[in-house]
Visitor: 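Have a look at this one.
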Amino acid sequence: MRRVKIKDILTNQPIGQDVNVKGWVRTFRNNQFIALNDGSTISTLQIVADREKEDESLLKKITTGAAISATGKVVESQGKGQSVEIHANKIEVLGEADPEKYPLQPKRHSLEFLRDIAHLRFRTNTFSAVFRVRHAAAFAIHKFFNDRGFVYLNTPIVTGSDAEGAGEMFQVTTLDLNDVAKDDSGAVDFSQDFFNKATNLTVSGQLEAELGALALSEVYTFGPTFRAENSNTSRHAAEFWMIEPEVAFADIHDNMDLAEAMLKYVIKHVMKQCEDDLTFLEQRLINEEKQKPQNERSDMALKEKMAFVLENDFQRLTYTEAIDILRNSKPNKKKKFKFPIDGWGADLQSEHERFLVEKHFKKPVMLVDYPKEIKAFYMRMNDDNKTVAAMDILFPGIGEIVGGSQREERLDVLTSRMKDFDIPEHEMDWFLDTRRFGTCPHAGFGLGFERFVMFLTGMGNIRDVIPFPRTPGNAEF
RNA sequence: GCCUCUUUAGCUCAGCUGGUUAGAGCGCCGGACUGUUAAUCCGUAGGUCCAAGGUUCAAGUCCUUGAAGAGGCGCCA
């Protein structure tokens, strides 16, 4: 008999039909009631075993975590808590789970403990929900761009470009590290390396995406990104996924419109597709926050927060306006900020961003037009000659989720900016060619996928929204 | 990289100003019950108190160093 997914049975309720289901036992109550989950939905399906007829040795093997196959009739449930159940006439244990050794019990486990057993944590309600939501979000992103005529571009993961300037890179080499090839001057001889040059894992696909956009008009990347930063926070990982759209004939305002539309589209899609997962995750978050002091709890539940973001325009303001607000803010006047705001030009610290997003505006904030000194060389110089057309999107609880800009398309301005940043022109010749031939205004941004999934799931640590997270000192699994 | 906190049973935790034999809930195992909902009830077992040094008559508790984890900051997505 063909296997039916539990989600289908719970949705269609084919009462009277004989079906086969396969999945993993969550609990086995009363030697009779199996709560079975197959990952198709957060809900379990109740399998009723015939205690009289079934072999006792078989019943003994039905333990939490075991994989079973059950065949029987779908009937209306007599008990509370579920509408239908299966009266099994045949149960097969496909894979036993020794209860002495199986680490997952039908009880609450800490996220830290589950992180240590990341290979098994998919079997929990929380993580199965998180990864279904993550999938739905990834799918929605592809659909959003596809429907708008964007081309999905796969930029290189191994890169020979060392001028991306977005942080420390992981080196990629096949040189024998125990006996590194040296040249005459004693330096490492990368001409003997696999690519005949020094290579790294990408920190951003942006520069390559720009090349694509200046021919295909609209492109986006969606791939892994690597940063060898020693960052020890709940929102940084050494390996994470980034979405980087790049649009020709677009300015910073088009860019902001695109980012806002995309974020809202994905939120809407996830709310529709993952209703029951979100309900579970929302409750999980409420329970977790019960242990926190009142003032640290969020004032909106998960779905409420998502709906709120959906229904309201993101707050747009310039860096200069933000500085004014911060300078006149209560915490600044009462010297509550660790880094007081006294003038124009310094980068905002997380405490300032959090004040703007969580206290002042209480919604996502888009900041534009930053001082040129604190932003990257490729961002377009504004007419004031002091600021660049950069934008950051800040989300409550997570901070920076998007960073983007209009790109500097004027060759002379770009090369002079590169000089300021000590970036050698000859290494970026391929990049500059796009400015030499048929250059045009264009813009793009990078969205940290995991940070967005944190918002969508209410999870507070990036390590809990990526299946096998890589962080300093940790590359297990 | 910097600062703070944590580490006690399989899991989640309690263990007071250092003082007899280190506790609870859940899980496991055994039994009872049998339409249960993290089932319930009774019972048993289960500990290198993170590690190494030190102080003390006495250390789970105090000190030093180290390890692992968490939170905050910086870097950023």
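In what follows, chains carry the letters A, B, and so on, assigned in the order in which the sequence lines appear, proteins first and then strands, with residues in each chain numbered from 1.
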Visitor: If the test is side-chain contact (heavy atoms from CB on, under 4.5 Å), which one of A/Val365, A/Leu394, A/Leu326 qualifies with A/Glu353?
Guide: A/Leu394

Visitor: Of the nucleotides B/rG1, B/rG72, B/rG74, which has the atom closest to the A/Asn230 side chain?
Guide: B/rG1

Visitor: Need one value for A/Phe240: base, sugar-phosphate or nothing, where a base atom within 4.0 Å counts as base even if backbone is also close, heavy atoms only.
Guide: base

Visitor: Side-chain N or O of A/Arg235 versus OP1/OP2 of B/rG72: is the shortest distance under 4.0 Å?
Guide: no

Visitor: I need the residues from residues 461-475 of chain A with at least one non-hydrogen atom less than 4.0 Å from RNA chain B; give them sorted by number, or say none.
Guide: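 Residues of residues 461-475 of chain A under 4.0 Å from RNA chain B: A/Asn461, A/Ile462, A/Arg463, A/Asn474.
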
Visitor: For B/rC11, does OP1 or OP2 lie under 4.0 Å from any side-chain N or O of A/Ser110?
Guide: no

Visitor: Determine the contact category for A/Pro99: base if any of its heavy atoms lies under 4.0 Å from a base atom, sugar-phosphate if only primed atoms, P, OP1 or OP2 are that close, otherwise nothing.
Guide: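 Sugar-phosphate contact only - A/Pro99 comes under 4.0 Å of backbone atoms but never of a base.
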
Visitor: What is the nucleic acid contact for A/Ala237, judged by heavy atoms within less than 4.0 Å: base, sugar-phosphate only, or nothing?
Guide: base

Visitor: Is there a side-chain contact between A/Ser350 and the phosphate of B/rC73, meaning an N or O under 4.0 Å from OP1 or OP2?
Guide: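 So the side-chain polar atoms of A/Ser350 do come within 4.0 Å of the phosphate oxygens OP1 or OP2 of B/rC73, strictly under.
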
Visitor: Would you please say whether a donor-acceptor pair under 3.5 Å links the side chains of A/Asn30 and A/Arg51?
Guide: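 Side-chain D/A pair, A/Asn30 to A/Arg51: absent.
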
Visitor: Around atom CD of A/Glu321, are there more than 12 heavy atoms from other residues, nucleotides or ligands closer than 6.0 Å?
Guide: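 It does: A/Glu321 CD has more than 12 such atoms within range.
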
Visitor: Could you say whether A/Gly460 or A/Thr64 is positioned toward the 5' end of RNA chain B, judged by the nucleotide with the nearest heavy atom to each?
Guide: A/Thr64

Visitor: Which letter, B, S or -, goes with each nucleotide of nucleotides 33-47 of chain B from 5' to 3', with contact meaning a protein heavy atom under 4.0 Å?
Guide: -BBBBBB--------

